[in-house]
Number of protein chains: 2
Amino acid sequence: MVNMEKTTEQMILETARNHFVQYGYGAARMQEIADDAGINKAMLHYYFRSKENLYHEIVIRTLDYLLPRLFKAFKQEGLLFERIENIIDTYIETLIEQPDIPFFVMSELSQKRERFIEELKKRSKHFPPVQSFLAQMAQEMQAGKIKQINPIHLFLNILSMTVFPFIVKPVFCTLFEFSDTAFEQLMLERKPIIMEFIKSSIELK
Amino acid sequence: MVNMEKTTEQMILETARNHFVQYGYGAARMQEIADDAGINKAMLHYYFRSKENLYHEIVIRTLDYLLPRLFKAFKQEGLLFERIENIIDTYIETLIEQPDIPFFVMSELSQKRERFIEELKKRSKHFPPVQSFLAQMAQEMQAGKIKQINPIHLFLNILSMTVFPFIVKPVFCTLFEFSDTAFEQLMLERKPIIMEFIKSSIELK
DNA sequence: AAATAGTTTAACTTTATGGTTAACATGGAA
DNA sequence: TTCCATGTTAACCATAAAGTTAAACTATTT
């Protein structure tokens, strides 16, 4: 069954990821993951040795997929506002596709913070583009093209308005009685709104 | 030892809360909570019957402390910008005092979402002030005093810029090499910056 | 078709965990 | 002092969960 390997392994990874995200590492059950993946529990150990290992594998794969994608946006050279627009687009699209990402990251941060930060540092090659993005902001301020503001704050503002709604989605949707599709619609609406918001707050009058 | 009760009970609640926040409900261990609180495991059951019950008690107490405080800011009548400033102040101060709140909420949302939303709904009496805040925004737009923008987006923008940095604090502090106190400083700096940001983005030119 | 490597299963073992119990301690009221 | 309520402990139990094993099954190679 040489070619079912991938499918079984893939199946395990997907199912396990859902369980880890939903219940957290400690509350996720190997038996339930196996049941849900339609396989025997021993298979989990056959493919991944232990729960800890399976989890780690998922973290690695998620980061290896996510970070290049999220940081690519920072790499694009161009006008400052083009870069900003690029970043907003990338984040919103990624988060619409994978709405469980914030929960995954938060769960990591609260339960396995040290190790998660370690994994991030290992991938710090993705980080320089962020620095260059901040540098460009500083440059345009120096050149008197946009308002003076600590680039870190501007950076935080951009990411905040883009990512935060996805984090509080469940509470938001309950309190304001939004359906999943209505929420998605609202997030797509947000792209130009955030751009407009940022533009009018940093361009010189 | 009639007057140690409170102390023991308090000790349990505090310690347990830390564990639940850090590890999540499923991964938190009664034995470790007991050890950490310096008491016998049986005491946990003596005071709170079961793990589930202890947890529930903590959720209830946290919400009963947090929601009135957070929503009080929305209740304050006044000029729109005064209300906004009030909200930002309240959130930043609360989050500086209790930086684990976002993790607590996120852990709830990913692991006990249904029940958490239930508890929120039970306390929905706090919610009307938010509606009145949104209404005031809409009113000022109608009156031509500020730019036209969907109040929901404006509301999201305010909360985003205020709360998001606290959520990503661990990642942020690592990547930008900020200490805890430097981060706190940055957050205090943010108050006027967020205000300025919002003002210039919604006031008419 | 025999051999081999890789895959899957049911049954089992071990360990950790939430919860219980019964005995013991302590401080105040009678 | 004696008695009682409250608080506290160590030892125990039942169960659920992670992890193991040995046998069976499947596909590929020879």
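Being a predicted model, the structure only gives us computed values, none of them experimental. Lettering follows sequence order; numbering is per chain, from 1.
Spacing between atom CD of A:Glu9 and atom P of C:dT8 amounts to 11 Å, rounded to whole angstrom units. Separating the OH atom of B:Tyr47 from the P atom of D:dT6 is a distance of 11 Å, rounded to the nearest angstrom. Distance, A:Tyr23 OH to D:dA18 P: 13 Å, rounded to whole Å. For the pair A:Tyr46 OH and D:dC25 P, the interatomic distance rounds to 17 Å; values are reported in whole Å. Here the P atom of nucleotide C:dT15 and the NZ atom of A:Lys51 are 18 Å apart, to the nearest Å.
Residues A:Asp35 and A:Lys41 are not paired through a salt bridge, judged by the lack of any N-O separation under 4.0 Å between the basic side chain and the carboxylate. Salt bridge status for A:Glu119 with A:Arg115: absent, with no side-chain N to carboxylate O gap under 4.0 Å. The residues B:Glu97 and B:Arg69 are annotated as salt-bridged, a charged nitrogen and a carboxylate oxygen being separated by less than 4.0 angstrom.
Residue B:Ser50 places none of its side-chain N or O atoms closer than 4.0 Å to OP1 or OP2 of C:dG18.
Contact check of residues 28-45 of chain B against DNA chain D (heavy atom, cut-off under 4.0 Å) returns B:Asn40, B:Ala42, B:Met43.
A:Tyr23 and A:Glu32 form no side-chain donor-acceptor contact under 3.5 Å, judged by distance and modelled atom types alone. Counted by atom type alone, B:Asn157 and A:Arg190 present one or more donor-acceptor pairs between their side chains at under 3.5 Å. Side chain to side chain, A:Arg83 and A:Gln136 meet the donor-acceptor criterion of an N or O pair below 3.5 Å.
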